[in-house]
2 protein chains.
Amino acid sequence: MSYKEKKVISIGVISELTGLSERQIRYYEERKLIFPERSKGGTRKYSFHDVEKLVDIANKIEDGMQTFEIRREEMKKADIRNKMLRGQLNAAFKMRK
Amino acid sequence: MSYKEKKVISIGVISELTGLSERQIRYYEERKLIFPERSKGGTRKYSFHDVEKLVDIANKIEDGMQTFEIRREEMKKADIRNKMLRGQLNAAFKMRK
DNA sequence: CGTGTAAGGAATTCTGACACG
DNA sequence: CGTGTAAGGAATTCTGACACG
């Protein structure tokens with residue numbers, strides 16, 4: 001896994017990097033838009049990828065989009081990715097028969 | 001600046017990533033081998049590059065090298081880099097005359 | 001709905017020092 | 001020299017709640 005995906009950054013730093021309040025960052029997690037890991041003690045850990053995600057989210061919210069819409073959009077993307085992956089695997093499987 | 005160089009990781013996470021104790025990590029800073037940044041509150045912030053540096057340092061110490069030797073080695077490398085850079089710049093300057 | 005805030009507590013980090021060697 | 005540790009304090013983060021709207 002690349003550095004970009006490693007969850008090692010605490011919420012305070014994330015707040016600085018994104019310009020969002022800690023409240024906002026935690027709320028977007030509550031709405032299932034981001035998924036930080038946790039230390040043994042329970043503190044949240046984010047990745048650089050999460051920083052980019054958060055900036056995207058913030059922009060969409062500024063444009064008037066609601067969190068559930070952003071989430072739905074995200075789900076749709078993941079769905080398409082899954083279908084494409086299935087297609088790939090299926091094609092590969094058929095070739096082996 | 002790439003993600004690798006951004007100083008955003010706290011000492012606890014660095015300790016986990018490197019397997020070194022916080023004591024060791026702070027000591028290597030005292031010996032001028034690494035240079036974390038500080039938050040307003042004074043907590044140390046490291047980069048992924050520092051993680052790699054620390055692993056290197058730990059290996060050298062395990063091989064019996066002393067911190068001042070590691071530092072000397074580092075200084076020498078930086079020195080060579082500087083000389084090469086000067087050479088480059090000088091050559092470029094002459095070409096313009 | 002999305003965000004601010006005060007509240008109390010817990011986890012994290014800091015420094016300077018003593019210890020061993 | 002390099003590292004462990006106990007000590008006391010400060011910075012950081014956590015959760016649940018009230019507020020506004």
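Just so it is clear, the model here is predicted, and its values are computed rather than measured. Just the heavy atoms: all of them, side chains too, but no hydrogens, waters or symmetry mates, feed the values below. Naming: A, B, ... by sequence-line order, numbering from 1 per chain.
- Within the 4.0 Å cut-off from OP1 or OP2 of C:dT3, at least one side-chain nitrogen or oxygen of A:Y28 is found.
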Check against side-chain contact (heavy atoms from CB on, under 4.5 Å), B:T43 and B:S10: CA-CA 7 Å; B:T43 66; B:S10 62; over 6 Å; no
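- As rounded to whole Å, 13 Å separates atom C1' of C:dG2 from atom CD1 of A:I57.
- For D:dT13, neither phosphate oxygen OP1 nor OP2 lies less than 4.0 angstrom from any side-chain nitrogen or oxygen of A:R44.
- Two rings, from B:Y3 and A:Y3, have their centers 6.0 Å or more apart.
- Here C:dC14 is the nucleotide among C:dC14, D:dG4, D:dC14 with the atom lying nearest to any side-chain atom of B:R26.
- Heavy-atom distances to DNA chain C give each of A:K45 and A:M65 a nearest nucleotide, and the one nearer the 5′ end belongs to A:M65.
- If you take CZ of A:R38 and P of D:dC14, they are 6 Å apart, rounded to a whole angstrom.
- A:E74 and A:R81 are not joined by a salt bridge, as no carboxylate oxygen comes within less than 4.0 angstrom of a charged side-chain nitrogen.
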For the pair B:I70 and B:K60, evaluate side-chain contact (heavy atoms from CB on, under 4.5 Å) and give the outcome as yes or no after the intermediate values. CA-CA 8 Å; B:I70 299 174; B:K60 286 174 185 170; 3.8 Å; yes
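- Of the nucleotides present, D:dA7 is the one that pairs with C:dT15 by Watson-Crick or G-U wobble criteria, both distances under 3.5 Å.
- Atom-to-atom, CD1 of B:I61 to P of D:dG2 comes out at 6 Å; the value is rounded to the nearest Å.
- Nearer the 5' end of DNA chain D, as judged by each residue's closest nucleotide, is the contact made by B:Y27, out of B:Y27 and B:T43.
- For A:I11, the side-chain atoms get nearest to D:dC14 when compared with the rest of C:dT3, D:dG2, D:dC14.
- Base pairing of D:dG2: its partner is C:dC20, meeting the Watson-Crick or G-U wobble criterion (both donor-acceptor distances under 3.5 Å).
- One can place CD of B:Q24 at 17 Å from C1' of C:dT13, the figure rounded to the nearest angstrom.
- For the pair B:E29 CD and D:dG2 C1', the interatomic distance rounds to 16 Å; values are reported in whole Å.
- Linking ILVMFWY residues whenever their side-chain heavy atoms come closer than 4.5 Å, directly or via other members, leaves A:I61 and A:F35 in distinct clusters.
- The distance from atom CG of A:L20 to atom P of C:dG4 is 9 Å, rounded to the nearest whole Å.
- Between A:S10 and C:dT12, a side-chain N or O to OP1/OP2 separation shorter than 4.0 Å is absent.
- Atom pair A:E30:CD and C:dG2:P shows a separation of 10 Å (rounding to whole Å applied).
- Of the two residues contacting DNA chain D, namely B:R23 and A:V13, the nearest-nucleotide position lying further toward the 5' end is that of B:R23.
- C:dT13 atom C1' lies 18 Å from atom NZ of B:K7, rounded to whole Å.
- Distances from the side chain of A:T67 to the nucleotides D:dG2, D:dT3, C:dG2 place C:dG2 closest.
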